[in-house]
Every structure is written in C-alpha cells, then in structure tokens.
Amino acid sequence: SPITLKDVVVSGSDSGLSFKEGGCSAGTVLDPIQACPLTVRWSPTRVGILFDDIQIRHDGARGVLVLPVRGEATGTVSQD
C-alpha cells in the first residue's frame with residue numbers, strides 16, 4: 001500500500017546540510033516501487049568531519065528511514 005512522508009529532516013543542527021526543493025518532502029505519497037528524488041547540499045560551517053543523519057519519517061512499517069551522511073571539510077563556505 002502507499003506510504004505518506006511525514007517529515008524529511010537532518011538529525012543534527014548547523015551542519016550545513018540542506019535539501020533542494022522539489023524532491024521528497026512532507027506530504028509526498030509514494031505507491032509501491034515508486035520513488036522521489038532527494039538532493040542534499042552541503043555547505044560546511046566548520047572544518048572537520050561531518051557525522052550526521054537524514055531522517056525520513058513516514059506512515060509505513062517502522063516509521064522512519066535513516067540515511068547516514070559522512071564527509072570531511074577542509075574549509076568552510078560563507079553562509080551569507
């Protein structure tokens with residue numbers, strides 16, 4: 001049966017991760033074997049290792065899909 005996405009969020013805060021509009025988002029309904037795009041942008045806010053997760057909450061079995069996001073920044077990107 002179809003599932004409805006309830007929320008798509010980054011677990012941590014201020015990691016510089018964001019999502020491109022127009023892909024998977026709250027309210028999206030997916031039929032079996034259907035997919036939606038999720039484009040993630042990373043603008044590092046600090047030098048070092050990124051160790052975060054994206055959580056996609058839904059009304060299907062288990063209720064949440066966790067996507068690990070890992071990386072390492074050697075510089076930062078101005079947020080302005």
Side-chain angles (χ1 to χ4, degrees):
S1 59
I3 63 169
T4 301
L5 303 184
K6 295 179 178 180
D7 205 6
V8 180
V9 298
V10 177
S11 299
S13 62
D14 196 32
S15 62
L17 292 174
S18 63
F19 305 112
K20 182 178 178 183
E21 301 223 2
C24 295
S25 60
T28 300
V29 178
L30 297 173
D31 289 320
I33 73 165
Q34 188 178 11
C36 59
L38 180 64
T39 303
V40 180
R41 288 182 253 186
W42 183 31
S43 298
T45 57
R46 64 183 182 281
V47 173
I49 295 176
L50 170 69
F51 188 80
D52 215 333
D53 296 312
I54 295 171
Q55 295 181 355
I56 302 174
R57 295 186 191 102
H58 56 82
D59 65 357
R62 300 189 186 174
V64 66
L65 170 66
V66 178
L67 304 172
V69 180
R70 307 295 182 256
E72 183 173 354
T74 57
T76 61
V77 175
S78 173
Q79 302 301 307
D80 295 325

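All heavy atoms count here, side chains included; hydrogens, waters and symmetry mates do not. In this chain, numbering begins with 1 at the start of the sequence shown.
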Distance in Å, [X] [atom1] paired with [Y] [atom2], rounded so as to fall on 0.5 Å steps:
X: K20; Y: L38; atom1: NZ; atom2: CG; result: 11.5 Å
X: H58; Y: T4; atom1: NE2; atom2: OG1; result: 11.0 Å
X: T28; Y: L30; atom1: OG1; atom2: CG; result: 6.5 Å
X: S25; Y: I56; atom1: OG; atom2: CD1; result: 10.5 Å

Practice item. Could you go through the side chain to side chain contact (heavy atoms under 4.5 Å, CB included) check for K6 and D59 one step at a time? Key: CA-CA 7 Å; K6 295 179 178 180; D59 65 357; 3.8 Å; yes
Review point. Does atom CD of E21 have more than 12 heavy-atom neighbours from other groups under 6.0 Å away?
Key: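 No, because the 6.0 Å sphere around CD of E21 holds 12 heavy atoms or fewer from other groups.
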Nearest heavy-atom neighbours spanning [X] and [Y]:
X: Q34; Y: V29; result: OE1-O, 3.9 Å
X: P32; Y: P2; result: CD-N, 4.2 Å
X: V9; Y: R57; result: CG2-NH1, 3.7 Å

Review point. S15 and V10: side chain to side chain contact (heavy atoms under 4.5 Å, CB included), yes or no, with the steps?
Key: CA-CA 9 Å; S15 62; V10 177; 4.0 Å; yes
Review point. Under a 4.5 Å cut-off applied to non-hydrogen side-chain atoms, are T45 and T76 in contact?
Key: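 Answer no - side chains too far apart.
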Practice item. Could you tell me whether R70 sits above the aromatic face of F51, with NZ or CZ closer than 6.0 angstrom to the six-membered ring centre and within 45 degrees of the axis? Key: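 Yes, R70 lies over the aromatic ring of F51.
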Review point. In the single-linkage hydrophobic clustering (I, L, V, M, F, W, Y; side-chain heavy atoms under 4.5 Å), do V64 and I3 co-cluster?
Key: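 Not linked; separate clusters.
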Review point. Among the clusters formed by ILVMFWY side chains lying less than 4.5 Å apart, do V66 and L5 turn up in the same one?
Key: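 Different hydrophobic clusters.
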Point to revise | Pair L50-L17, side chain to side chain contact (heavy atoms under 4.5 Å, CB included): steps then yes or no | key: CA-CA 10 Å; L50 170 69; L17 292 174; 4.1 Å; yes
Exercise for review: Could you walk me through whether T39 and F19 pass side chain to side chain contact (heavy atoms under 4.5 Å, CB included), step by step?
Suggested key: CA-CA 6 Å; T39 303; F19 305 112; over 6 Å; no
